[in-house]
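To start, the structure itself, in structure tokens.
Numbers here simply count residues along the sequence, with the first being 1.
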Amino acid sequence: VVYLANDGGVFRSLDGGEPWTRTLSSARCTDLAFHPLNPNVIYTTVWGYGLYKSTNLGSTWTQVTSPGIPTSGVTRGAVATTNGNGSGRMYVAFAGYDYRVQGVYLCWDLEGNTWSTVTPPVEYMWGQGWYNNMVVVSPTNNGAVLVGGGSLWVSYTGGAEWQQHTSYP
């Protein structure tokens with residue numbers, strides 16, 4: 001089974017790439033992440049609307065509207081999940097309509113129910129968030145997370161404290 005998120009939505013192939021079926025249409029999707037413990041659960045970021053969740057291998061999708069995560073006013077999003085250290089977490093980074101950092105959000109339960117803002121104290125996307133936006137979390141340590149755009153920032157405390165990892169002029 002292969003999944004693809006792009007400007008046309010989310011696509012799924014049950015046959016290694018032939019044929020493709022669109023499972024989320026009329027949406028500009030910019031990233032996908034899978035629940036580390038439940039392969040039926042998939043997350044995608046949707047331009048303009050935030051985070052969407054599927055609990056049936058991408059057949060249907062529902063917008064995540066839990067308190068603490070934006071449901072509008074965002075552009076490119078990046079999402080990452082982990083089950084490091086025995087407890088799962090999910091991180092989402094969104095750019096706003098000015099293509100600067102809208103925010104980085106941490107979900108403590110991997111279900112999309114409990115969110116905290118853990119945004120670094122700088123505008124690390126350099127106004128290029130429509131293109132440069134990523135988030136990565138360690139597979140063995142939920143607290144080790146990287147966010148990047150124009151510069152790269154790292155936290156070993158789940159987003160409570162950030163330090164610049166590298167920067168390009």
Side-chain angles (χ1 to χ4, degrees), residues 2-7 10 27-39 41-54 58 63-64 66-71 73-169:
V2 183
Y3 292 87
L4 168 72
N6 69 15
D7 283 353
V10 174
R28 189 174 184 188
C29 301
T30 57
D31 203 4
L32 284 171
F34 294 85
H35 192 292
L37 302 175
N38 184 347
V41 178
I42 308 167
Y43 293 94
T44 189
T45 52
V46 179
W47 194 288
Y49 298 100
L51 187 66
Y52 276 64
K53 176 182 179 180
S54 173
Q63 186 179 22
V64 176
S66 304
I69 191 164
T71 57
V74 298
T75 58
R76 186 178 185 90
V79 59
T81 59
T82 185
N83 190 36
N85 296 340
S87 63
R89 289 188 191 173
M90 177 172 24
Y91 293 87
V92 179
F94 284 116
Y97 283 116
D98 61 358
Y99 304 122
R100 297 183 175 283
V101 176
Q102 166 80 23
V104 178
Y105 306 91
L106 165 62
C107 178
W108 294 89
D109 60 13
L110 274 179
E111 302 305 322
N113 297 322
T114 307
W115 293 90
S116 301
T117 301
V118 294
T119 309
V122 296
E123 203 301 287
Y124 65 85
M125 290 181 190
W126 298 358
Q128 300 174 14
W130 60 273
Y131 180 77
N132 294 330
N133 182 2
M134 56 77 65
V135 61
V136 179
V137 61
S138 167
T140 59
N141 179 352
N142 291 335
V145 60
L146 292 164
V147 295
S151 61
L152 185 64
W153 288 76
V154 62
S155 175
Y156 297 103
T157 60
E161 299 170 355
W162 293 93
Q163 56 188 309
Q164 188 171 10
H165 189 284
T166 187
S167 179
Y168 302 99

* **Minimum-distance pair of heavy atoms, taken over all atoms of Ile69 and Ser66** => CG2-O, 3.3 Å
* To do: Please assess Asn132 against Arg76 for the test side chain to side chain contact (heavy atoms under 4.5 Å, CB included), listing each intermediate value before the final yes or no.
  => CA-CA 9 Å; Asn132 294 330; Arg76 186 178 185 90; over 6 Å; no
* To do: To the nearest 0.5 angstrom, please state how far the CH2 atom of Trp162 sits from the OG1 atom of Thr157.
  => 8.0 Å
* **Side-chain donor or acceptor of Gln63 paired with backbone N/O of Tyr49 under 3.5 Å** => yes
* Shortest non-hydrogen separation from Thr140 to Thr82 and the atoms involved -> N-OG1, 4.5 Å
* Structure fact -> Correct closest heavy-atom pair for Gly159 and Val145 would be N-CG1, 4.3 Å
* Does Thr44 use its side chain to pair, donor to acceptor, with the backbone of Asp31 at less than 3.5 Å? -> yes
* Mark yes or no for whether Asn83, through its side chain, and Pro36, through its backbone, hold a donor-acceptor pair below 3.5 Å. => no
* To do: Might you confirm whether atom CD of Glu161 has over 12 heavy atoms from other residues, nucleotides or ligands at distances under 6.0 Å?
  => no
* Would you say the side-chain atoms of Thr119 pair up with the backbone N or O of Val104, donor to acceptor, closer than 3.5 Å? -> yes
* Structure fact -> Closest heavy-atom pair, Gly77 versus Thr45, reported as atoms and distance to 0.1 Å, is O-OG1, 3.0 Å
* Asked: Under 3.5 Å, is there a donor-acceptor pair between the side chain of Thr75 and the main chain of Tyr99?
  -> no
* What closest approach, in Å, do Val101 and Glu123 show between heavy atoms, and which atom pair accounts for it? -> N-OE2, 2.8 Å
* Decide whether Ser155 and Trp153 meet the rule of one side-chain donor and one side-chain acceptor closer than 3.5 Å. => no
* Structure fact -> By ring pair (Phe, Tyr, Trp, His ring centres under 6.0 Å), Tyr3 pairs with (sequence neighbours left out) Phe34
* To do: Could you pull out the closest heavy-atom pair between Trp108 and Ser116, with the gap in Å?
  => NE1-OG, 3.1 Å
* Kindly compute the distance separating CG (Leu106) from OG1 (Thr114), expressed to the nearest 0.5 Å. => 10.0 Å
* Please check if atom CH2 in Trp130 has more than 12 non-hydrogen atoms from other residues, nucleotides or ligands closer than 6.0 Å. => no
Report all side-chain donor-acceptor pairs from residues 88-98 shorter than 3.5 Å, counting only partners two or more places apart or in another chain.
{"unit_1": "Tyr91", "atom_1": "OH", "unit_2": "Asn142", "atom_2": "O", "d": "2.7"}
{"unit_1": "Asp98", "atom_1": "OD1", "unit_2": "Arg100", "atom_2": "N", "d": "3.0"}

* Asked: Taking Lys53 for the side chain and Glu111 for the main chain, is one N or O donor matched with an acceptor at less than 3.5 Å?
  -> yes
* When you measure from the side chain of Thr81 to the backbone N and O of His35, does any donor-acceptor pair fall under 3.5 Å? -> no
